[in-house]
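A short worksheet on the structure shown next.
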Amino acid sequence: MNHFTKVGRVPGDPILGLIDAYRADPNPAKIDLGVGVYKDARGLTPIPYAVKLAEQHLVDSETTKTYIGGHGDAAFGQLMLNLVLGAGNPLITAGRTGATQTPGGTGALRLAAEFIAANLPGRGVWLSDPTWPIHETIFAGAGIKVAHYPYVDAANRLDVEAMLAALERVPTGDVVLLHACCHNPTGFDLGQDDWQRVLDVVRARELLPLIDFAYQGFGDGLEQDAWSVRLFAEALPELLITSSCSKNFGLYRERTGALIVCAADADKLTDVRSQLAFLARNLWSTPPAHGAAVVATILGDAALKAQWVEELNAMRQRVASLRSGLVEALQPFGLAERFAHIGVQRGMFSYTGLSPEQVARLRAEFSVYMVSTGRANVAGLDASRIGDLAAAIAKVC
């Protein structure tokens, strides 16, 4: 018997497929704006020097490779709470919040999905339109009903009013997923007044916020980017936060993240964390240790942390300069106003406003690779090629 006869083929991930297409392109002038990783001026995804120093320390001092437990590295968890919620936050001192280490931010989302499915049955999850495609499949795969609220309009502008109007109709008790900063894929972020209005609706509708915090430090700074998270944590009794160390620590392949829970009291937090440990046991047993140990080493050492913050600031500032540089380079073609939003957006990604047909032309005629929706990874751009990219965009426009 051939047991796999009826097994079909699933289409490959369209974003990861760009990697293969880009590598196979013989054009020496090709530009990769597809895959969402930070690149430096040499086109490399660097390892921060602070990470290399921490790794060397671990090589010299690590004494065991034993399991680290269902919630992961305890030092990592405590330091991540300080990073995300702020050292000395009353929730931390009151024992109302805890972090469960996960394999990357994606693992944190998967654990959150399993927790919602198992412990909050019947609750739907509301995602922004558009959102990171994996959000769709993770929650649907957990058997959760997925719905959407508007985020950008047909003119590629942030539409806060439509977002709020939709959230006001969300069934009481449902889960709403919010991007803390550097919205993926659009790059459009809510302002502080917008966040306060969203909080008011969430509180009035008694919704459970799940805040995806994958890019802390890539928007306006470590503390500034955490503003919305801390606002919700202070105002609401319960909150879920997914945090990733892939981008800001450059630990992509080490799969380092955390699911942070804020509960009404310490006793209820213990209940929730017992469920998370049980679910994690059936997903990955215990998380990988290396990345978490690196993060804990950096955040626990004043000199290493200062080195890391300096490197992170440099990455953020480079991306910001690429954004403003591209808008400026489009000026001679009369397109600076049309694409001014690229300079306003935050983080690695930009919803450029280019159509699928224009994206296809960029790839076919100029070997410029980006997602068909027009989402570009600005952090993949070489500063010396900004003029080439602007000329190519002008051609297809």
Side-chain angles (χ1 to χ4, degrees), residues 13-16 18 34-37 104-114 116-117 123-167 169-171 174-190 194-195 198 201-202 207-216 218-219 225 228-229 232 239-244 246-247 257 259 341 345-354 356 359 370-378:
D13 183 276
I15 296 178
L16 297 182
L18 287 175
V35 180
V37 297
T106 307
L109 287 163
R110 175 61 188 273
L111 184 58
E114 295 295 332
I116 293 166
R123 308 286 184 95
V125 172
W126 293 74
L127 310 174
S128 65
D129 182 15
T131 194
W132 186 39
I134 302 300
H135 285 152
E136 309 274 357
T137 54
I138 283 179
F139 292 100
I144 300 172
K145 180 181 178 182
V146 174
H148 302 85
Y149 58 85
Y151 197 73
V152 295
D153 61 20
N156 194 36
R157 293 174 299 192
L158 178 64
D159 194 343
V160 178
E161 299 305 324
M163 174 186 180
L164 291 169
L167 292 179
R169 298 190 297 270
V170 171
D174 271 8
V175 179
V176 57
L177 189 147
L178 302 164
H179 299 232
C181 68
C182 307
H183 184 276
N184 182 3
T186 71
F188 288 113
D189 282 350
L190 299 172
D194 301 326
W195 275 113
V198 171
V201 174
V202 165
L207 307 178
L208 174 62
L210 168 56
I211 302 183
D212 191 348
F213 200 12
Y215 301 97
Q216 185 175 4
F218 265 83
D225 292 347
S228 59
V229 179
F232 275 62
L239 180 65
L240 298 174
I241 307 160
T242 58
S243 179
S244 171
S246 294
K247 273 71 176 181
L259 174 59
H341 56 270
Q345 294 163 338
R346 289 289 180 268
M348 292 169 49
F349 301 115
S350 169
Y351 234 43
T352 60
L354 294 165
V359 170
M370 68 176 71
V371 182
S372 62
T373 58
R375 188 212 80 172
N377 175 26
V378 181

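Residues passing the side chain to side chain donor-acceptor pair (under 3.5 Å) test with E114 are R110, sequence neighbours excluded. Judged as a side-chain contact (heavy atoms from CB on, under 4.5 Å), and not counting sequence neighbours, the contacts of A155 are D153, R157. Looking at residues two or more places apart in sequence or on another chain, you find no side chain to side chain donor-acceptor pair (under 3.5 Å) involving S372. Judged as a side-chain contact (heavy atoms from CB on, under 4.5 Å), and not counting sequence neighbours, the contacts of T106 are W132, I134, I138, R255. The side-chain contact (heavy atoms from CB on, under 4.5 Å) test applied to P171 returns W126, D174, not counting sequence neighbours.
Between V125 and L210, the closest side-chain pair of non-hydrogen atoms is not below 4.5 Å. Two residues are said to be in side-chain contact when any heavy atoms from C-beta on lie closer than 4.5 Å; L18 and V371 meet this criterion.
The structure places CG of D159 at 12.5 Å from OG of S128, a figure rounded to the nearest 0.5 Å. Of the inter-residue distances, the one linking F188 atom CZ with S350 atom OG reads 7.0 Å to the nearest 0.5 angstrom. Once rounded to the nearest 0.5 Å, the distance linking CG of L208 with CZ of R123 reads 7.0 Å. Of the inter-residue distances, the one linking L239 atom CG with I211 atom CD1 reads 4.5 Å to the nearest 0.5 angstrom.
Nearest heavy-atom pair, A117 versus A142, reported as atom, atom and distance to 0.1 Å: CB-O, 3.5 Å. Of all non-hydrogen atoms in L190 and V198, the two that sit nearest each other are CD1-CG2, 4.0 Å. When all heavy atoms of Q345 and Y351 are compared, the pair lying nearest together is NE2-O, 3.3 Å. Listed here is the closest heavy atom pair of L167 and L207: O-CD1, 4.3 Å. Contact record, G374 with T352: O-OG1, 2.7 Å, taken as the closest heavy-atom pair. F232 approaches P209 most closely through the heavy-atom pair CD2-CG, 3.8 Å.
Listed by first then second residue, pairs satisfying side chain to side chain donor-acceptor pair (under 3.5 Å) with a partner in residues 142-152 read E136-H148, not counting sequence neighbours.
Of the possible polar contacts, one joining the D189 side chain to the H183 backbone as a donor-acceptor pair under 3.5 Å is found. Side chain of D129 to backbone of P150: no donor-acceptor contact under 3.5 angstrom is found. Between the side chain of D225 and the main chain of A180, no donor-acceptor pair closer than 3.5 Å is present.
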side-chain contact (heavy atoms from CB on, under 4.5 Å) for I144 and V175? Distances and angles first, verdict last. CA-CA 10 Å; I144 300 172; V175 179; over 6 Å; no
Worked check of side-chain contact (heavy atoms from CB on, under 4.5 Å) between F213 and C181: CA-CA 7 Å; F213 200 12; C181 68; 3.8 Å; yes
Should N184 and R375 be marked as a side-chain contact (heavy atoms from CB on, under 4.5 Å) after you check the CA-CA gap, both sets of side-chain angles, and the distance that decides it? CA-CA 9 Å; N184 182 3; R375 188 212 80 172; 3.8 Å; yes
Could you walk me through whether H179 and T131 pass the side-chain contact (heavy atoms from CB on, under 4.5 Å) test, one step at a time? CA-CA 9 Å; H179 299 232; T131 194; 3.0 Å; yes
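Among T242, L259, L240, the single residue meeting the side-chain contact (heavy atoms from CB on, under 4.5 Å) criterion with L109 is T242.
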